[in-house]
Structure formats: C-alpha cells, structure tokens
Amino acid sequence: MQGNQTLWLPGCDHAGIATQVVVEKKLSREQRVSRHELGRDAFIEEVWKWKHSKGNRIYEQLKRLGSSLDWQRAYFTMDQKLSTAVTEAFVRLHDEGLIYRKTRLVNWSCALKSAISDIEVDNRIVEEPTTLAVPGYDKKVEFGVLDSFAYTIKDTDEEVVVATTRLETMLGDTAIAVNPDDDRYRHLQGKHAIHPFCDRLVPIICDSHVDKAFGTGAVKITPAHDYNDYEIGERRRLQTDTVLNEDGHIAQHCGMFAGMRRFDARSAVREQLKKQGLYRGSKKHSMVLPICSRSGDIIEPLLKPQWYINCQEMAAHAVDAVRSGELHFVPSYYEKTWFEWLGKIRDWCISRQLWWGHRVPAYRVLTPTSHREELWVSGRSEEEARRRAARKTGMPVEHITLEQDEDVLDTWFSSALLPFSSLGWPDQTKDLQSFYPLSLMETGHDILFFWVARMVMLGTKLTGQLPFNEVLMHGLVCDAQGRKMSKSLGNIIDPLDVVNGISLQDLHRQVEQSNLSKQEVELAKKGQKQNFPAGIPECGSDALRFALCSHNIKSDFINVDVSQIHSYRLFCNKIWQAFRFMQMAVGPDDIIIPHPSVCSLSNVDWWILSRLHLLVKTCNEAFKAYEIHRATRALHQFWYGDFCDVYLECVKPVLYKESAAEASSDEEAEHREAIRAVRSVLCHCIDTGLRAIAPFMPYLAEELYQRLAPSIQDPAASVCVAPYPRVEEYESFSNSRLEEEMQFVLEVAKHARAVRTEYNLTKTRADLYVEVSDSSLLGALHSTSARTSEQQAATSWLLPLQTLSFSRSVTLLTEATRPSGCVQTIVNNNCQIFTALKGLVDVDKERERYDKKISKLCAEINKTTKRLVEKRLSEDQRLKLSDKKSTLETKLGHVHRAVANLESIS
C-alpha cells in the first residue's frame, strides 16, 4: 500500500523432536509399534504421511487470516533446495574447523533417547520435597530432597560427609573436592576415600571454586553427570565414569545396581548406604529441576560424542554489529541481554539422536588407517566424502569404506539459514540478490538466542553480511489469565476455531483425538470447560486480527481474551452500519462524490476531517514505531467514537431536514450545499478509514471498498493495493481550535444525557439552557455574524449540541436570569447547564424512588461500617471494605443532590 516492493515468504521448519514424538505416539496408539520395530526408512515415510495430512494447518490458519504471503514460494526445511543449503553450510563450516566432533556433557532425554537443546528444557524450581510423574514410572518420584552420606578415608578412621540431590550419581563419583584454604580438610588433601560400592579409590582434591560455607565444605565430583563437575574434571584431568545408559538404566559395571532404572536405583543406593552405616540423613532442599518440554522426562547430563559449532568468533561479530548500530533491536533493552548472552556463549551442540531431520553429512572412515583417533570427513555427497577421505589417508578412493553418521542436525541449524537458504543460497539467485538481506526480522523474545543469534552468526559467516538490520521482538501469547498456552491446560486457542466458532463438545473431541494421555485429556477437558464454558463464539478473521494487533506486541506477554475478540466483531458490525448510512446518504452508485475541499463545510464537517487527520497521523507514526496497538486504538476511536457516535448523529438533521414552506431560495440552495458537503465528507472519511484499517481488517475493508469504488475518484483495483493514507494529504484538515470547541460540546452533552438518565427520560426531550462565562466558548457555541439560518447552523455548535444531548432545544443564557423548573448541573468552572424538567417528571414518583435508594444505600453503609470494626479482618479485606464504603457514600451524595433538585422542579 506504500508502493514498496515487498516479499513476505511463507515457510515451516520440520520441528525435528516435536514431529518425531507426535508420530511415535501415533504409531504406538494406532499400530502398537515403535519406530525401531518399524525401521528408519519406513518411519520416515510415516512422518511424511503425517506432514502431508497435518502439516498444512499453519498455512490454513494464515490464509484464513488474510495474510498476504507469496504462497508460490512457500518452503519447508526438509525440501531438497533447503536440504542442499544445510549440507553446504555444514561442509563449509567443517572445512574451516568451526564444526568439530567431541565427547561432552549434553542435555539427555532418556524418554527420547536424544540430546536436546537448552530451549527444549523447562527449568522448574522445586522449593520443598515434591513428587512428580516421570515417563516410564508408575509411581511419582520425589524431588527437592538433599541426601547426605559419608566417605571413609583410606587407612584412617576419619570420614568426609558430602550431599547430593541425585544420590544415584554417587556411583560415578571420581573425586571429592575441598577448598584449598579450608583448614578442616587441609590434612586430608591428597588422600583417598573408599567408594562403598565400586572397586576404586576416590581422590580428595583441592579446587578454589568450592564454597567453604556451603554444606560440609566437601563436594562429591561426578564429571560424567554434572556440568560443574565436568569442568572440574577437565581442569584436573579426572576419570569420567558414565553410570547411566541412554534409556536411563544403571550401567552394567555398577554391581548390584546394574540394570536398575535411575530413580529406583536412587532408593536402592539410599538403603545400601544405611546398611553400611554411611547414610547421614536428608533434608528439604530448593533446586532447579530440568524437564524435557517434549516428553516431560527429567533431563540427565550425559557424556556423548556430538557435533559442535565453535561460536566464539561469530558471537563476537554479532556483538560488534549491535554496538556499531549496524543491527538494532526493538525494544532496545534486548541489546543488554544480547551482550550478556553472547559474551558467555558456549559452543553449540548441533547433533540429535533422531531419525526425522537433516542427517549429518559426515562420514566415519571404516577402512583401517594410521590415524590414532576416529577419522571423520564431511561431504556434499558420499562420493565427495570418499575422495576427501582418500586425500587424508593417502589411500586409493576404491579402498575407502565409509559409514554416515546416524544422527540428524538440530532443527535450529537449518532454521538459522532461512533468511538466505529460502531465497536459493548457495546459488546466487535473482531472489537472493533482490531480497537479501531482509529488512526486518520479527519473532518472539523467547527464541532471541536460539534463532535470532544463530541467524546473525551463520548469516554473517556464510554470506559475508548481516541477514537483517532490525529485529522486532514480540511477547509470548498467553491466555486471558496470563498463563502460557498448553494442551494439558486446555487453554490453547486455534485461530480457525475463533474465526469459525466451535462448541465445547467439539473442543473436547479435538483433545480426545490428540496424542495426550488419558489423564492429560481429562485435565485438558476440565480446563476447556473452565475457559470456554459455552465454546468459542464465531468471531471472524478481521476481529481476530484486530484483537491481536490491539495488544502492545513489545510487551513480554500478550494475554488473549476471546471475549475481547468477540467485541471487535461487534466493531466490524458498527463499520458496516456506518457504510450503509453513507450509501443511503450518497444515493445512486454512479454519482462521483466531490472532494471536501471544493465544498462549503460546517464546523462539524471540519471537525471530523481534523479527527481524520489525527487518525492518519497516528497510524503512520504507529507503524513506523512498531506500536500497532496505537493504530488500532486510533482506528477504534475514530470509527466508533468520532465518526459513528458523533458525526453521523450530527449530520442526520442536515440530511433528513424537511424543507420549510417559507424557506427562501438562498436557504434552499445553502441546504443543498450542506447536504453535498456532508455526502462529500462521509465518502472521504469512509474511503480513508477503509484504507487505514485494511492492514488490520482486510476482508471487511475489501468488501466495502469495492462497494465504495463507484463513488470515488480513481479507485484502485483492490484496497490492498490502494495507497495507504499519507499525513501530508490531510494536514490542511488539522484544526486544534475546532477540536477543543467540539470537546467542550461533547462534555456539555455528556452532562445533559446524565440528567436524562438520572430522571428516566427515555423518549421525552427536554429544553436545555447553557450558561457560559468564558467569552471564547460563548462565541464558539453561537455565531452572530451568520446572515441566514443555514449559515448560522454551519458556523454554530448549537445544533450539534442539541442533537448529541437529545434536547428539544438549546438556549444560551447571556444574562443573570435563570429559568425556573430546571435541574442545575455544573459542567466545569466556566459552564453550567439547566435542564427544564418541570412537567416532564412525576416528582412524587421520583421522590419515592429516591427514598428507596437512600434506604438501601444507608443499610449497606451501616452493614459495611459494622464489618470494618471486626478484629479478624486482614489488612487487604479491611482496605476493600473501606473502598466499598467510600463508593456507597459517594452514591448516597449523588442521590441526595438529585432529591434536592426535585424541589426546584416541583
């Protein structure tokens, strides 16, 4: 709409872990087979089947929401084009030595039998002993307990007490660390403790990282199962003893505990320590429990050979890009987080023990060579890898035997390439030359490092330039209560269900057909019943889009409330009604409505055009600042408040005024010109308003724009290609004085309507008298220079005030004499109004109604006063009661004033 060449590219990643878990559960539920029983190739075929049947759901949602993406260019990270880019990136980085293979600790999910990334780990804080369900265990497992036990020192009668929250890992202890400055253990430094279950001695070592004040000051060191211990082990070159298998069972070399499940072994170790007199008790302990977000399993640090990317140099370039201003964030406070995270970045583990994903393009050389360690080569194909192996070993190509790594690459690796791989890289395509680097990257703040940082690092490394120069971070979409959306909570909202509407029974049916366990299904259905007791009403795409955009996307959390979305459907209806009003006012479709600049406009006409200028100005500023919630607020205020509730009401008397028999020809001509001006302004406001709201409500805007097109000059073929309103085109309409005057009129009308409500005047109209002490306001309300009644109506605010206040007439009081039989209301320091109610209100009936109100309010005040003196009240309860009493007393004061006013009209 702004005339820029724009590409919005649709695409999906393959979601390696999430997709594999879903398909595995599906196979288990429907066919009673595991992926291992099925075999790799057959399992991959099943995943593709699932992808073709379910994978387009996101595209369906985006299309239904009216997203203007280039669907012909849609990509999928497992497509051949993008797979080629993944292989190319891996080989290039491996050739430079940035990708390497090493055995290190990883986040290991025993349920998935795979390493997972940090983003797939939910860190749950456990403050006290807590039992949690763990996959594969019938009974819940207790966490938040610190077990203490003793190691006896060889050739002495001394012991060292250590503590752990993971007692089973003591089977892998290879050292006990103490602080070198701790006098309690100075005499034990260099000695050995006896492991109670394994045939080995455990050395007592010194390490300055040990906190003397924590616990006993002695720490068990298990390098194979703890990140901190692994670092100590690396520094001190300690033995690493892996005591857990990939499936979470104790390793075979662990004696009596071999083959036990890890948490069963925890209890067994505790019992054996008690039998040997080495157990020293337990106590509650606050801890952070790492949980696999995909399977709900407890994560185990496990030593595994994996592929890593050395990120140090690339991270430094990413930091420099932000410091130099070449790359910036919106909101800018994410820069600090960027610096902190990249400043302490660790090398990235990119391999996963899965079947679904891009298989690692690295091959182990099986042919015996002179190399001491395993020899791995990478290649764009097995043939290329074989030639590379031949060069490294000096052996003939035909003698080389290779075996490709079974692992696949982390999904984030292929996702990090998307800004350029989706445009054809490594080929220098026309799209890559035209649209790379991107203008803007917009994503959720929760994946700032897992995606944005990696895009910046790999994009800069592989293409020589930043993939984008600006990053817009949006918040996490939560439910109405601010909770993260979860299937098990039953609070997930499918956009299509909001668009189309859905019953509670159908919501339940969706959950029943999902991969949730029976227990999770029941929990989800309970949550759905609480969140959507009557289901989800049909809201339509435009209302959903507008509701989502009405939130400040820069906030950390965006709480989505279906009732708010439904309210915007009513807003859509309001715009429809305004358009129908305009159609009836304008007349036949073949009439071209002139621009307001060639018409004689009234004050109200100029006022709405000034408000139109403010709308256009606000929308353009909001888009530029990525504060689209300001644009939605301005659009709602203009359409609903300014245009429908005020302007349309004000022009009805002009459009539907009957010609007076005694009207002069000049007055009739002026009336026709007034109608012409109103039609022009109506059409101009609708045209501008539709183009302004089109990015938020494309369906409604398109439908109405096509109906409007015959009435406007040079309409575009579609509203989505019509020029977006520009501020400079509307600057001549800006009039702050008129806006101030109308604000005063609206304030007077509001007080006049309040009187009508107070005295139950539903259809009856009363005479209104306005007393103004400010000469400027007095002049605004009434023009004395007008030659005719039509001119007076155009330059005066009296007719709009009469219309908006639902008054029979409006009279300005210019002298001290005030009419009798009126209710007086103070508007502000410069204005008060008098509403003539004599003869319109049954005084006795109203007095009886107010007496009942007074009695009821007094009773409530007395009841609240008595409760306030109760001693058992909490401070919060007392505060709420005090506020309630103040509110009741304010209401009572209003009623007493209303009763006093009755005396003036009796």
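Values below: every heavy atom of this structure, side chains too, minus hydrogens, waters and symmetry copies.
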Roughly how far apart are [X] [atom1] and [Y] [atom2], rounded to 0.5 Å?
| X | Y | atom1 | atom2 | value |
| --- | --- | --- | --- | --- |
| Phe420 | Tyr436 | CZ | OH | 5.5 Å |
| Asp556 | Met473 | CG | CE | 10.5 Å |
| His195 | Tyr151 | NE2 | OH | 3.5 Å |

Show the nearest heavy-atom pair for residues [X] and [Y], with the distance to one decimal.
| X | Y | result |
| --- | --- | --- |
| Ala416 | Pro419 | O-CD, 3.8 Å |
| Ala89 | Leu417 | CB-CD1, 3.7 Å |
| Pro426 | Ala85 | CD-CA, 4.1 Å |
| Ile205 | Ala175 | CD1-CB, 4.1 Å |

>> Going by the rule side-chain contact (heavy atoms from CB on, under 4.5 Å), which residues pair with Ala218 if we only count those two or more places apart in sequence or in a different chain?
In response: Val160, Val162, Ile176, Val178, Tyr185, Thr216
> side-chain contact (heavy atoms from CB on, under 4.5 Å) with Leu201: which residues, sequence neighbours excluded?
Replying inline: Lys154, His192, Ile194
I'd like to know if the side chain of [X] reaches the main chain of [Y], judged simply by a donor and an acceptor atom lying under 3.5 Å from each other, with no hydrogens or angles considered.
| X | Y | result |
| --- | --- | --- |
| Gln306 | Ile350 | no |
| Thr174 | Gln239 | yes |
| Ser324 | Ala321 | yes |
| Ser114 | Leu354 | no |
| Asp297 | Ala111 | yes |
| His358 | Thr77 | yes |
| Ser414 | Val86 | no |
| Thr222 | His225 | no |
| Asp122 | Arg124 | no |
| Glu168 | Ala265 | no |

Kindly check if the number of other-residue, nucleotide or ligand heavy atoms within 6.0 Å of [atom1] ([X]) is above 12?
| X | atom1 | result |
| --- | --- | --- |
| Leu7 | CG | yes |
| Gln189 | CD | yes |
| Asp41 | CG | no |

> Mind checking what makes ring-ring contact (aromatic ring centres under 6.0 Å, His included) contact with His474, not counting sequence neighbours?
Replying inline: none
Side-chain ion pair, [X] and [Y], N-O less than 4.0 Å:
| X | Y | value |
| --- | --- | --- |
| Arg35 | Glu24 | yes |
| Glu403 | Arg364 | yes |
| Asp431 | Arg73 | yes |
| Lys304 | Glu246 | yes |
| Lys212 | Asp182 | no |
| Asp405 | Arg101 | yes |
| Asp95 | Arg388 | yes |
| Arg386 | Glu382 | yes |

> Which word best sums up how the rings of Phe413 and Phe90 line up, parallel for under 30°, tilted for 30 to 60°, or perpendicular for over 60°?
Replying inline: perpendicular
> How are the rings of Phe449 and Trp341 set to each other: parallel, tilted or perpendicular (split at 30° and 60°)?
Replying inline: parallel
>> Looking only at side-chain N and O atoms, does Glu326 offer a donor or acceptor that is under 3.5 Å from a partner on Gln465?
In response: no
>> As a quick check of understanding, evaluate side-chain hydrogen bond (donor to acceptor under 3.5 Å, both in side chains) for Glu88 and Thr84, giving each step before the final call.
In response: CA-CA 6 Å; Glu88 180 68 26; Thr84 299; over 6 Å; no
>> Show every salt bridge (charged side-chain N to carboxylate O under 4.0 Å, His left out) that has at least one partner inside residues 453-462, sequence neighbours left out.
In response: Glu96-Lys461
>> Just to verify, what does Asp241 make a salt bridge (charged side-chain N to carboxylate O under 4.0 Å, His left out) with, not counting sequence neighbours?
In response: Arg200
> Excluding sequence neighbours, so at least two apart, what forms salt bridge (charged side-chain N to carboxylate O under 4.0 Å, His left out) with Asp79?
Replying inline: none
>> Can you confirm if the NZ or CZ of Arg323 lies within 45° of the ring axis of Phe339 and under 6.0 Å from the centre of its six-membered ring?
In response: yes
>> Taking the cut-offs as 6.0 angstrom to the six-membered ring centre and 45 degrees off its axis, would you call Arg346 and Tyr227 a cation-pi pair?
In response: yes
> How about Trp355 and His36: are their ring centres within less than 6.0 Å of each other?
Replying inline: yes
> Pick one: which of Trp376, Trp307, Tyr363, Tyr100 meets ring-ring contact (aromatic ring centres under 6.0 Å, His included) with His94?
Replying inline: Trp307
